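Structure record follows, encoded as structure tokens.
When a ligand or atom number is given, it counts from 1 through the structure's own listing order. What you see is a predicted model, and the numbers here were worked out from it, not measured in a lab. Scope of the values below: all heavy atoms of this structure, side chains included, with no hydrogens, waters or symmetry mates.
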Amino acid sequence: MAAKKQFAIIGMGRFGTSVAKSLSKMGFEVLAIDSSEQKIQDVANMVTHAVSAESTDEDALKALGVRNFDVVVVAIGQDIQASILTTLILKDLGVPTIVAKAQNELHGKVLSKIGADKVVFPERDMGMRVAHNLISPNILDYIELSDDHSIVEIRATPLMIGKNLKELDIRAKYGCNVMAIKNNGKTNISPYAEDRIKEGDVLVIIGQNDHLNTMELAFS
Ligand code: ADP
């Protein structure tokens, strides 16, 4: 069996702390780094190692052996300069996978250009999800795959309940595909045309954004 991945998270703000805690809970080895001694004390008992260090200091990162980690997450948001310098140093050190949090689109572009393997926009993405949920309370989650396509999780509406997928005809009418149907912790990942929608079902649907919006409206 392959060894468990090791993670280093730089920046123990709200986002970094949440990533570090979640990985720790899942049983992964996590090194937390922050320049603030206080932040390090706050997370010390939740992660494998917590070290106070300045991530823009290449020697400090080398001394911590950061290059040996499979994934390093740069979770510095406010200080864009520190985020960029840190990412650049990690790239130079040869870290296999760098994930960086971007504060805005331009910051994200720079991070990609200098070699971040994945750039995440937690505030933007969460804002979009909340907006979709406000417009239609049946939308439980919204994951943007690209500018044009998304995956949505929709709570079955009265217009869906009791009908099977063939009768709902979502693919032909709206050009969207029902990928899975979830209910009470169980997930049916290969729904058949004859599968009937029950109260409490959550449909996981993939499609073009405008098609998904039309479909949402039609069933709400
Ligand atoms: P969030 O919005 O997720 O709360 P912040 O940008 O506010 O993120 O927090 C980033 C964290 O990163 C802070 O705890 C800060 O002390 C830390 N940080 C900022 N710059 C550096 C740096 N150069 N080296 C190490 N940690 C840093």
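- Of the polar atoms of Arg14, at least one N or O is found under 3.5 Å from an N or O of ligand 1, judged by distance alone.
- Of all protein heavy atoms, the one lying nearest to atom 9 (O) of ligand 1 is Gly13 CA, 3.6 Å.
- Residue contacts with ligand 1 for Met12 involve N, CA, C or O but no side-chain atom from C-beta outward (heavy atoms, distance under 4.0 Å).
- Residue-ligand proximity: Ser83 is placed with every non-hydrogen atom at 4.0 Å or more from ligand 1.
- What you find for Asp70 and Gln6 is that their closest heavy atoms are OD2-N, 2.7 Å.
- Contact between Gln103 and ligand 1 is absent, with no heavy atom of the residue lying under 4.0 Å from the ligand.
- Considering backbone and side-chain N/O atoms, Gly77 comes within less than 3.5 Å of an N/O atom of ligand 1.
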Enumerate, atom names and distances included, each donor-acceptor pair closer than 3.5 Å involving a side-chain atom of residues 165-173, sequence neighbours excluded.
{"unit_1": "Glu167", "atom_1": "OE1", "unit_2": "Asn164", "atom_2": "N", "d": "2.9"}
{"unit_1": "Glu167", "atom_1": "OE1", "unit_2": "Arg196", "atom_2": "NH1", "d": "3.4"}
{"unit_1": "Arg171", "atom_1": "NE", "unit_2": "Asn177", "atom_2": "OD1", "d": "2.5"}
{"unit_1": "Arg171", "atom_1": "NH2", "unit_2": "Asn177", "atom_2": "OD1", "d": "2.9"}

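- Geometrically, ligand 1 and Asp34 share a nitrogen or oxygen pair separated by less than 3.5 Å.
- The residue from Val51, Thr48, Val72 that alone fulfils the side chain to side chain contact (heavy atoms under 4.5 Å, CB included) condition with Leu31 is Val51.
- An N or O contact shorter than 3.5 Å links Gln78 to ligand 1 by distance.
- Polar contact check, Phe15 against ligand 1: a nitrogen or oxygen pair lies under 3.5 Å apart.
- Among all non-hydrogen protein atoms, the one lying nearest atom 18 (N) of ligand 1 is Ser35 OG, 3.8 Å.
- At a 4.0 Å heavy-atom cut-off, ligand 1 does not touch Pro122 at all.
- For Glu153, the salt bridge (Lys or Arg N to Asp or Glu O under 4.0 Å) test picks out Lys182, with sequence neighbours left out.
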